Peer 1: 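Would you mind keeping the following structure in view while I ask a few things?
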Number of protein chains: 2
Amino acid sequence: MATLSDVAAEAGVSPTAVSRYLNNRIDLPQATRDRIDAAIAKLDYRPNLLARRLSTGKSEAFALVTPDIANPFFAELAAAVERQAHASGYSVYITSTGGHADAEMNAIRRMADSHVDGLIMTTNRVDDGSLANLLAGRENVVLLDEDIDGVSVPRVFVDNAEGTYLAAKHLIAMGHRDIALIGGPHRLMSVNERLAGFTRAMDEAGLPVRPGWVLLGDYTRDYGVAAASVLLDAVDPPTAILACSDYIAIGVMQVVRAHGLSIPNDISLVGFDDMAFAALVDPPLTTIRQPVAAMGELAVKHLLALLEGQTPAAETRLPVELVTRQSVAPPSRKVLK
Amino acid sequence: MATLSDVAAEAGVSPTAVSRYLNNRIDLPQATRDRIDAAIAKLDYRPNLLARRLSTGKSEAFALVTPDIANPFFAELAAAVERQAHASGYSVYITSTGGHADAEMNAIRRMADSHVDGLIMTTNRVDDGSLANLLAGRENVVLLDEDIDGVSVPRVFVDNAEGTYLAAKHLIAMGHRDIALIGGPHRLMSVNERLAGFTRAMDEAGLPVRPGWVLLGDYTRDYGVAAASVLLDAVDPPTAILACSDYIAIGVMQVVRAHGLSIPNDISLVGFDDMAFAALVDPPLTTIRQPVAAMGELAVKHLLALLEGQTPAAETRLPVELVTRQSVAPPSRKVLK
DNA sequence: AATCGCTAGTAAAGCGCTTTACATATCAAT
DNA sequence: ATTGATATGTAAAGCGCTTTACTAGCGATT
C-alpha cells in the first residue's frame, strides 16, 4: 500500500506538504495541488488511520459497550448510536458483553487501550462498584439507559417512573383494582423507578400495593413465566399485570394461555419497551414505548459536547409514551383458580 | 498514561527488554522480571494498542459489516461472530450500513484503513460489481449469508434450496396443491435458490408453479403485505403461502386477518428464518430455521484459517430445519374472494 | 593467556503519520 | 540596494511500540 511518502515522492514535494495539504493546514498553488492529487489518484493512496491516530491521539471513533447485541432493544439503540455518530464523522465500535461483569470491564479497558475518543456505556446489571471504579476519572463517557451507581458522567435515561405510572393509570382507568407488577432485577435503577411509578399511581387511586403482587427478578421471558405462574397459581390472582418489559409480557402471555385463560378477557396485560414484536403477538400488546432512537442520538450528542469541552446536562430523561393495543380490557368476573 | 519507556526507566532496564519480556521473546532472570512487574503495577501500565498495531501490522481484530444491526437476524449473527472471535482472542468491529451501497463501500474501506486482520461481510442486496471490485484482491475476507457475484473468497451460506424444498414438501404433504411463494429481491442468490427449492418440490409432486403465484420483491414485512394483497385479491387465491422470510410472513398474516380469513384454517403459511418472534405470533409460525450461531462461528473459523495461511472450503452450506408450529393445516374449502 | 559460549541485556531503526519551527525565493516598498 | 512581507515550502522530531542486530561481562575450556 502506498504511503504518504510515496505520494510526496511521486508529486515531487515533501511528505510534510502532502500531510498539511490533506489536512487543510497549508495553502498551496493550484499546480502543486494538482500534482499531489494526481499522485494520490495514481497510487490509490489511502491514509493509514492507525498512524494518524497514533500521531494525533485522536481516533474519530466511539466505543459502545452493550450487554447483548442480539437483544433487539440494545440492537436498536446501537443502530441509533451508529447513525448519529456517522453523521458526525465518527465510527463506532460495538462490543457486546453478555452482561458479564468481567467482560464489561475488559471491553472498557480494551476500548481505552484502542484509544477511542469516547465511550457510551449501557449495562443491565447492578454494579458492585468495580465498574464505577473503572469508569471513575475517565472523561468522555456517557451512560445510556441504565445507571451505574457512583459514576458522575452525563447520563441519558428514560422516564421510567412515568412509564409505569401511565401504564398503571391506564389499567386503573379501565376499572382494575387488583394489579400486579413484574419487574427486572432488584436494585437496578430502572426497576426501582418503575416500581415507584406504579406505586404512585396506585396510591393516587387509593389502591393498595400488595407485597405478594410485586415480583422482581429479571427482564426476561423466563422470569415472566415464573412470576406469572406464581401469580396465577395463587388463590386470588390479580385482574391485571403490569410487566416491566415486553419480554416479561411474552412470558406472561404464555402462562395465561397455558392456564386456559385469555388476554384481555380474563387478565389484562401491559408491557414496557414497545419492541418490534409487541405489535405482532396475539393479542397485540399494550405497552410503554421507549424513544430508542432519541436515546441513542442524545447519547452521541452529549459525547460530542464533552469532546468539545462543553458540559452537557448531568442527566436527561426522555419521555415515554403509552401505546394502547389490545391486551387491556375492563376486568370481567374475578378470575378464580 | 504510562508508556513502555516509563516502565523501563522505573525498572532500570531498556524499553527493549520490557517489550520483549511482555511478548515472551526474551528470558530474563527472576529478579529483573520482578522489577518490571513491579514497575508495571506501580505505573498501571497498559500497552498502547495503536502503537503496537502500527508497529506489527497486526490488529487482532476483525471487522463485520452488516446491512442492519437492528434486524434481529443480523444482530444474532453479529453476536455469534463476536462470541467466537473473542474466544480466539480477537476483537470485532461491527458496522451497519443500512444496506446502502456507498455505505457498504465506505465501511469496507474504513475497515481496511484501520487495518483489521480480516473482514466478514454480509450484505442483502445484489451487487452491481462495485462491491466485487472493492473486495477483489483482498485477502482475509469471508462472505457470510449472502453471495456477492464474482468474489472468490470463502463463503458460508445456508442450504436455501433445501429450506424451501422442505417447506413446500410439508405443505404438499398436508394436502395443498395451490401454493404461492413470496420471496426477496429478484436475482439475490438466496432468492434464486429458495425459488429453486420450491420449484423442485412442486415438480416432484407434479404440481405447477404458477407464474402469478411467485412474487419476488423484498424480505420485508411491507412486501409481505403488498404481495399477500395481490394474492388474496385475485379471483382464485392459493390455499397456502410460502414466505421466504419471517418478516414477509408477518405481513402476510396481517393481510389475511384484514381479509377476515384465518391462519391456518383458510390459508396455511410457512416462514423462513425462525426469528425470535416466529414463536410469539398468533398462530405460532411454522418456519425454516437457519443455524445462525453456527453460521457466525464458522465464518470466524474460516477467517482464522485464512490468517494461518490455510485454505478453508470455498463454500460451505449449513443445514436448515423445518420447525412446525401452528400456521399450517390441511386446506379446507377453496377460499373465494 | 586466549578463545568460546552463555547470559543478560541494549542501541537504533522503523511503522506512517502530524506538527513545530525554520528556510528559501520572490516581490513591493523604501 | 536593502528591508520586510509574503508565498511556498522543508527538516526533523515525535507518537509508543517492535525487532534486528549487536555487545559487555563472565565463567569454562583449551
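Note that the structure is a prediction, hence the values are computed from the model and not measured. Chain naming here is simple, since letters A, B, ... match the order of the sequence lines and numbering starts at 1 in each.
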Peer 1: Whether A/Thr16 contacts D/dT10 is assessed here as follows: a side-chain N or O lying under 4.0 Å from the phosphate OP1 or OP2. Is that the case?
Peer 2: no
Peer 1: Measure CG/B/Leu28 against C1'/C/dT7 and give the value in whole Å, please.
Peer 2: 10 Å
Peer 1: Establish, with yes or no, whether the OP1 or OP2 oxygen of D/dT10 is under 4.0 angstrom from a side-chain nitrogen or oxygen of A/Tyr21.
Peer 2: no
Peer 1: Within less than 4.0 Å of OP1 or OP2 of C/dT18, is there a side-chain N or O belonging to A/Ser19?
Peer 2: yes
Peer 1: Examine the side chains of A/Ser190 and A/Tyr219 and answer whether a donor and an acceptor come within less than 3.5 Å of each other.
Peer 2: yes
Peer 1: Whole-Å distance between D/dG16 P and B/Arg46 CZ?
Peer 2: 16 Å
Peer 1: Using whole Å, report how far CG of B/Asp27 lies from C1' of C/dT10.
Peer 2: 17 Å
Peer 1: For C/dT18, take OP1 and OP2 only and decide whether either is under 4.0 Å from a side-chain N or O of A/Arg20.
Peer 2: no
Peer 1: Would you please say whether a donor-acceptor pair under 3.5 Å links the side chains of B/Thr123 and B/Glu146?
Peer 2: no
Peer 1: Would you call A/Glu60 and A/Lys58 a salt bridge, using N to O less than 4.0 angstrom?
Peer 2: no
Peer 1: Please state how far atom CG in A/Leu54 lies from atom P in D/dC15, giving the value in whole angstrom units.
Peer 2: 9 Å
Peer 1: A/Asn23 side chain N/O closer than 4.0 Å to the phosphate oxygens (OP1, OP2) of C/dT18?
Peer 2: yes
Peer 1: Write down the distance between CZ (B/Arg33) and C1' (C/dA8), rounded to a whole number of angstrom.
Peer 2: 13 Å
Peer 1: Atom CG of A/Asp6 to atom P of C/dG14: distance rounded to whole Å?
Peer 2: 15 Å
Peer 1: Please answer whether the main-chain N or O of A/Thr95 pairs with a side-chain N or O of A/Thr66 as donor and acceptor at a distance below 3.5 Å.
Peer 2: no
Peer 1: CD1 of A/Ile26 versus P of C/dT18: gap in Å, rounded?
Peer 2: 13 Å
Peer 1: Between D/dC17 and B/Ser55, is there an OP1 or OP2 to side-chain N/O distance shorter than 4.0 Å?
Peer 2: no
Peer 1: Just N and O in the side chain of B/Ser5: are any of them under 4.0 Å from OP1 or OP2 of D/dC17?
Peer 2: no
Peer 1: Checking contacts here: which listed nucleotide (C/dA8, C/dG16, C/dT19) is nearest the side-chain heavy atoms of A/Asn48?
Peer 2: C/dG16
Peer 1: May I ask you to check whether B/Tyr21 and B/Thr32 show a side-chain donor-acceptor distance below 3.5 Å?
Peer 2: no
Peer 1: In whole angstroms, how far is the C1' atom of C/dG14 from the CG atom of A/Leu4?
Peer 2: 16 Å
Peer 1: Counting just side-chain N and O atoms, does B/Arg53 come under 4.0 Å of either OP1 or OP2 of D/dC17?
Peer 2: no
Peer 1: Taking the nucleotide of DNA chain C with the closest heavy atom to each, which residue, A/Pro47 or B/Val18, is nearer the 5' end?
Peer 2: B/Val18
Peer 1: Using the closest heavy atom to pick a nucleotide of DNA chain C for each, name whichever of B/His115 or B/Arg35 lands nearer the 5' end.
Peer 2: B/Arg35
